[in-house]
Participant: 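One structure, pasted below without further comment.
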Amino acid sequence: MNKKLNIVFMGTPEFAETALKALLPIHNVIAVYTKEPKPVGRKMILTKSPVHECAIQNNIPVYTPKTFKDEAIVNQLKGLNPDMIIVAAYGKILPQNVLDIAKFGCINIHASILPKLRGANPIQRSIINGDTITGITIMKMDAGMDTGDILLQEETEISNTITYKELENKLSEIGAKLILKYIDNMGSIKPIKQDDTRATLAPKLQKEEAIINWNNTANQIHNLIRGLSPHPYATCYHNNNPLKIIKSEVVNDTHNFEPGTILNKNMDIACGNNTILRILEIQKIGGKKLPIKDFLNGYKIEINEKLQ
RNA sequence: CGCGGGAUAGAGCAGUCUGGUAGCUCGCAAGGCUCAUAACCUUGAGGUCAGUGGUUCAAAUCCACUUCCCGCAA
């Protein structure tokens, strides 16, 4: 099965770029679709997506349509006559008439073991939920949100120290590997319907979810901190002063203080259900990320004070 | 010109408003105490106060510009 496919690749962030890079040397990527460059950073500089940059470097035509509701956009895609459309974290919904274009269909690389964690942020959600297993699903797309038939899956463990970014990197490698495997074996792979009754959702993260509630257990808070690292980071407040918690660990001990209380100079914080979380790395507004020891050298904070 | 914070010893900060001897907490070095220590005590080294120009008898401090770092928002 060594025939080269003509592939249209649709994706946006680094997670997708890994898959694109894996496809490039083996198949014929005839076009890349990605989100349009958007203003980023303090100076609002128009920035191209990682997939966009990668495509330019490899001299692949890039399209950044705002929507596929426009028939001209769809016809243009049709004109490319792709064998297969591969989608990875593209961030746009594809209507049925797009899904039908390619001979071998629209294949999606999704970062969860479907039907679990359907939706926009499966990687962060898996960590925040405290899951110990996640993985990659290669799926034949249909009009629903991550509801298509399952083609291939591979699980991976979520260690209790891994962060969102680290897990994403790990999953992107698996995704790249699995999509190649699928193409190689597509003739012998039978699609499996998803069991909708077991489906769970991984909706887009909301801003308020990043605020730490010290009434939760140390484990839950630790998972939130990991799941939101390196962006946007879990936040708490000391005297109305926002502090981002970069890194933490659960302390195997108990306490009898109100949640949020600072227990000692290690920055062990009282959490719900008498659990304890140790803050290892922190960042204040306008400051750099600091190990807790350096942070405490300059920041006035006392034992028995409370974080909100 | 999206809004805002910052640059002072190896690290983190105060001092800047109100110009006049360079400070704090740590780290580092030496010595002491100790069975011992990351604990405690004593002493010490370590600074072009981001850069350039200006005001002034005098600038970390006031004014102008430059560079770099960070948070928000997207």
Participant: Rounded to whole Å, please give me the gap between OH in A:Tyr237 and P in B:G71.
Facilitator: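 Distance check: A:Tyr237 OH to B:G71 P gives 15 Å.
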Participant: What is the separation between atom CD1 on A:Ile292 and atom P on B:A11, rounded to the nearest whole Å?
Facilitator: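 About 19 Å, once rounded to whole Å.
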Participant: Distance alone, cut at 3.5 Å: any donor-acceptor contact between the side chains of A:His110 and A:Thr137?
Facilitator: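 Judged by distance alone, the side chains do not pair up.
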Participant: What is the base-pairing partner of B:G2, counting Watson-Crick and G-U wobble geometry with both distances under 3.5 Å?
Facilitator: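 Looking at the geometry, B:G2 pairs with B:C72.
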Participant: Using whole Å, what does the distance between atom P of nucleotide B:G71 and atom NZ of A:Lys288 come to?
Facilitator: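 Whole-Å distance recorded here is 11 Å.
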Participant: Quick check on RNA chain B: between A:His231 and A:Gly287, whose nearest nucleotide comes earlier from the 5' end?
Facilitator: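 Looking at the nearest nucleotide for each, A:Gly287 comes out on the 5' side.
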Participant: When you compare B:U8 with B:A60, how far apart are their C1' atoms, in angstrom units rounded to a whole number?
Facilitator: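 Result for the C1' pair: 7 Å, nearest Å.
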Participant: Determine the Euclidean distance between corresponding C1' atoms of B:A9 and B:C24; express it in Å to zero decimal places.
Facilitator: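 12 Å, rounded to whole Å.
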Participant: Given that A:Lys300 and A:Lys293 both sit by RNA chain B, which one's nearest nucleotide is further toward the 5' end?
Facilitator: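 Result: A:Lys300.
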Participant: Quote, to the nearest angstrom, the P distance that separates B:A22 from B:A45.
Facilitator: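 Their P atoms lie roughly 15 Å apart.
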Participant: Please report, rounded to the nearest Å, how far the P atom of B:A73 is from the CD atom of A:Gln206.
Facilitator: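 Whole-Å distance recorded here is 13 Å.
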Participant: Is A:Lys170 salt-bridged to A:Glu166, cutoff N-O under 4.0 Å?
Facilitator: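 Salt bridge flag = no for A:Glu166 with A:Lys170.
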Participant: Any carboxylate oxygen within less than 4.0 angstrom of a Lys/Arg side-chain nitrogen, looking at A:Glu209 and A:Arg125?
Facilitator: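 Looking at A:Glu209 and A:Arg125, the cut-off is met.
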Participant: Just how far, in rounded Å, is C1' of B:A9 from CG of A:Asn297?
Facilitator: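 It works out to 14 Å between those atoms.
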Participant: Under 4.0 Å from OP1 or OP2 of B:C72: is there any side-chain N or O of A:Lys244 that close?
Facilitator: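 Answer is yes, contact under 4.0 Å.
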Participant: Taking the C1' atom in each of B:G47 and B:C13, what is the distance between them to the nearest angstrom?
Facilitator: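 15 Å, rounded to whole Å.
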Participant: Output the rounded distance in Å from CG (A:Asn241) to P (B:G4).
Facilitator: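 Answer to the nearest Å: 18 Å.
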Participant: Scan side-chain atoms only and decide if A:Asn215 and A:Asn213 contain a donor-acceptor pair under the 3.5 Å cut-off.
Facilitator: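 There is such a pair between these side chains.
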Participant: Give me the distance, rounded to whole Å, that separates B:C49 from B:U42 when you measure between the P atoms they each carry.
Facilitator: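 Going atom to atom, P in each nucleotide, I get 30 Å.
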Participant: Taking 4.0 angstrom as the limit, do A:Asp253 and A:Arg278 come out as a salt bridge?
Facilitator: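 Not counted as a salt bridge, because no side-chain N and carboxylate O are separated by less than 4.0 Å.
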Participant: Using only side-chain N and O atoms of A:Gln283, determine if any of them is under 4.0 Å from OP1 or OP2 of B:G71.
Facilitator: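 Result: yes.
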Participant: Between the base of B:G71 and the side chain of A:Arg42, is one N or O donor paired with an acceptor at under 3.5 angstrom?
Facilitator: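 Per atom types, the contact qualifies.
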Participant: Go ahead and name the base partner of B:G53; Watson-Crick or wobble counts if both distances stay under 3.5 Å, otherwise write none.
Facilitator: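 B:G53 is paired with B:C63.
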Participant: Output the rounded distance in Å from OH (A:Tyr233) to P (B:G71).
Facilitator: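 It works out to 8 Å between those atoms.
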Participant: Rounded to the Å, how far apart are A:Leu243 CG and B:C72 P?
Facilitator: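 Going from A:Leu243 (CG) to B:C72 (P), I get 13 Å.
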Participant: According to a 4.5 Å side-chain heavy-atom criterion applied to Ile, Leu, Val, Met, Phe, Trp and Tyr, with indirect links allowed, do A:Val62 and A:Val98 form part of one hydrophobic cluster?
Facilitator: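 Hydrophobic grouping puts A:Val62 apart from A:Val98.
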Participant: What nucleotide, of B:A11, B:C13, B:G71, holds the atom closest to the side chain of A:Lys284?
Facilitator: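 When the side chain of A:Lys284 is considered, B:C13 is the closest of B:A11, B:C13, B:G71.
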Participant: Between A:Glu154 and A:Lys177, is the closest basic N to carboxylate O distance under 4.0 Å?
Facilitator: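 Looking at A:Lys177 and A:Glu154, the cut-off is met.
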Participant: Any strand is fair game: report the nucleotide pairing with B:U18 by Watson-Crick or G-U wobble, both distances under 3.5 Å, or none.
Facilitator: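 Because no pair has both required distances under 3.5 Å, B:U18 counts as unpaired.
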Participant: If I pick the P atom on B:U21 and the same atom on B:A59, what distance separates them, to the nearest angstrom?
Facilitator: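 Pairwise P distance, B:A59 against B:U21, rounds to 11 Å.
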Participant: What integer number of Å spans the P atoms of B:G10 and B:G46?
Facilitator: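 My reading of the P atoms in B:G10 and B:G46 gives 11 Å.
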Participant: Quick check on B:A73: is either OP1 or OP2 less than 4.0 Å from any side-chain nitrogen or oxygen of A:Lys207?
Facilitator: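 For B:A73, OP1 or OP2 has a side-chain N or O of A:Lys207 closer than 4.0 Å.
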Participant: Provide the distance between the two P atoms, one in B:A11 and one in B:U66, to the nearest whole Å.
Facilitator: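 B:A11 and B:U66 have their P atoms separated by 27 Å.
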Participant: Report which part of the nucleic acid A:Lys38 touches: base, sugar-phosphate, or nothing (heavy-atom distance under 4.0 Å, all strands).
Facilitator: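 Since no nucleic acid heavy atom lies under 4.0 Å of A:Lys38, the category is nothing.
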Participant: Pairing check on B:A29: which nucleotide meets the Watson-Crick or G-U wobble criteria with it, both distances under 3.5 Å?
Facilitator: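 The answer is B:U43, by the H-bond criterion.
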